[in-house]
Student: 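First the structure, which I've put down as structure tokens, then a few questions once you've had a look.
As the structure lists them, so they are numbered: ligands from 1, and atoms in each ligand from 1. Both backbone and side-chain heavy atoms feed into the values below; hydrogens, waters and symmetry mates do not.
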Amino acid sequence: MRITDVTLHGVQTPRRYATVCAAPGGGADATVECSRHYLLELHTDVGLTGIGEVSDVEMVPVYTPGYVPPRDALLETYRWWLVGRDPFDRGRLHAERPLNGLAAAAADMAVHDLLGKAAGVPVYKLLGGMTNPRPLLCWVAFIRDDLRALREELAEKVAAGFRAFKLKVGVDLDLDDERLAVAREVAGPHAELKIDASGAWDVPGAIAAIERLQRHGLAGVETPVPVGQVEDLAAVRRAVDVMILEHANEFELALRMIRADAVDVINTYVGGVGGIYPLIKMLALCEAAQVGVLLGSTLELGVGTAAQLHVAASTATLALSSDLIGPAMYTDDVITEPFVYADSTLRIPQGPGLGVELDRDKLEQLAWPGV
Ligand SMILES: [Mg+2]
């Protein structure tokens, strides 16, 4: 099988509400009302088409520093990289990849979609088979100062079956304390509650905040200090009695955190590490180091969520709930059978490849010309 051409569709999807997180070092980060994505198709000489997704393209600079790929440049890069190649050569494709993070992940998803379709099996079968049929997913509640709106949001999610939640915190400690009280009350005593401070705190601030917020029964605290400040993270972890969670999109950062005993659970995901293939290596690294793992998110559409679900379904070692909320946070999706949450999880697609199909009408309705 050879890849013969690449197509790229830009789409934009509003979020259900304007989302706010803390900024690294403190204060509030930019409000996000709408996300833009590229859907990638890889065409082949055997008539199969593989699909992938650059989820939330504004996030791409985070993973490819200083570089926002314009649509045409991105398409040309994909063509240069992938046309003429055999999608079975995953190792070589990754070794020679000219893109990182979300942009590389889109190609990797489409490659896995092709391999699954060629073999007539869902992608999870290529990754070790079904070991985790009902991966626990949490609802992520962004920072809102309207406690009534938060209560409504969480009550709706509890009614929809969610029993794990992550609250973004870090802008206003008093508000965080009140929000967590609402979350615990609405979600009940047994719900898993994580918080994510997005790096807003310094070491003493993190310790004080965690000691105060811990009364709500926290399953984990993510990114208490800015990502990459490994010694600070280790200092926070030594001082508190709650699991510390941190993102790692590069092996080097994961190793530094493991060596410094800085982390209990590593948050990693398909888009962050550049695809399913490198993610499987990251999961193996965490397993060998006996560090927990959960799947994070940059708010994927249905294609990116499917890719993550295949990894989740074949990973028996997920330590805490994973953050795959894209399909419920956007008002629309681009797949023919959008995902529906039930019992704090999503069904694992069973069709060949990623098991989801692009809805051509949606691609047109949601079209975005790209940068
Ligand atoms: Mg996070």
Side-chain angles (χ1 to χ4, degrees), residues 15 19-32 35 55-56 58-63 101-102 105 135-144 162 164-171 176 179-180 183 192-202 205-206 209-210 213 218-230 232-233 236-237 240 242-250 253-254 256-257 262-274 279 282-283 286 291-300 304-305 308 311-312 318-326 328-329:
R15 296 187 174 193
T19 60
V20 178
C21 299
D29 213 341
T31 302
V32 183
S35 292
S55 323
D56 208 352
E58 274 94 347
M59 294 300 289
V60 170
V62 177
Y63 304 116
L102 296 159
L136 182 66
L137 307 180
C138 66
W139 179 251
V140 180
F142 289 81
I143 297 172
R144 309 165 96 173
F162 279 95
F165 295 86
K166 169 160 130 180
L167 266 66
K168 300 279 189 180
V169 298
V171 174
D176 293 339
R179 291 170 62 237
L180 276 162
E192 182 196 285
L193 267 188
K194 301 180 287 184
I195 58 171
D196 180 355
S198 309
W201 298 322
D202 59 11
I210 293 166
L213 300 178
L218 302 178
V221 177
E222 186 171 299
T223 318
V225 294
V227 175
Q229 294 185 9
V230 173
D232 287 351
L233 191 66
V236 173
R237 181 167 180 259
V240 300
V242 60
M243 290 217 278
I244 297 295
L245 288 41
E246 187 52 282
H247 292 268
N249 292 322
E250 302 90 27
L253 177 56
R256 278 204 292 137
M257 292 196 291
V263 70
D264 296 281
V265 178
I266 286 181
N267 172 330
T268 187
Y269 68 105
V270 173
V273 298
L279 180 56
M282 182 68 95
L283 296 177
C286 294
V291 164
V293 71
L294 67 84
L295 297 183
S297 166
T298 185
L299 296 198
E300 294 79 17
T305 300
Q308 299 244 76
V311 176
L318 296 177
L320 288 172
S321 60
S322 291
D323 304 337
L324 315 188
I325 66 157
M329 186 47 98

Student: Mark yes or no for whether Glu192, through its side chain, and Ser321, through its backbone, hold a donor-acceptor pair below 3.5 Å.
Tutor: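 A pair under 3.5 Å: yes.
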Student: Assess the side chains of Asp56 and Ser35: does a donor N or O sit below 3.5 Å from an acceptor N or O?
Tutor: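 Yes.
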Student: Starting from the Mg ion (ligand 1), count all protein N, O or S atoms within a radius below 2.8 Å.
Tutor: 3
Student: Is there a side-chain contact between Leu233 and Pro224 in this structure, where contact means two heavy atoms from C-beta onward sitting under 4.5 Å apart?
Tutor: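 The answer is yes, as the side chains (C-beta and beyond) meet within the 4.5 Å cut-off.
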Student: Which atom pair, heavy atoms only, marks the closest approach of Arg179 to Ile143?
Tutor: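 Scanning both residues, the minimum pair turns out to be NH2-CA, 3.6 Å.
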Student: Can you tell if the side chain of Leu253 reaches within under 4.5 Å of the side chain of Arg256, non-hydrogen atoms only?
Tutor: yes
Student: Which atoms form the tightest heavy-atom contact between Ala328 and Trp139, and what is the distance?
Tutor: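 That would be CB-CZ3, 3.4 Å.
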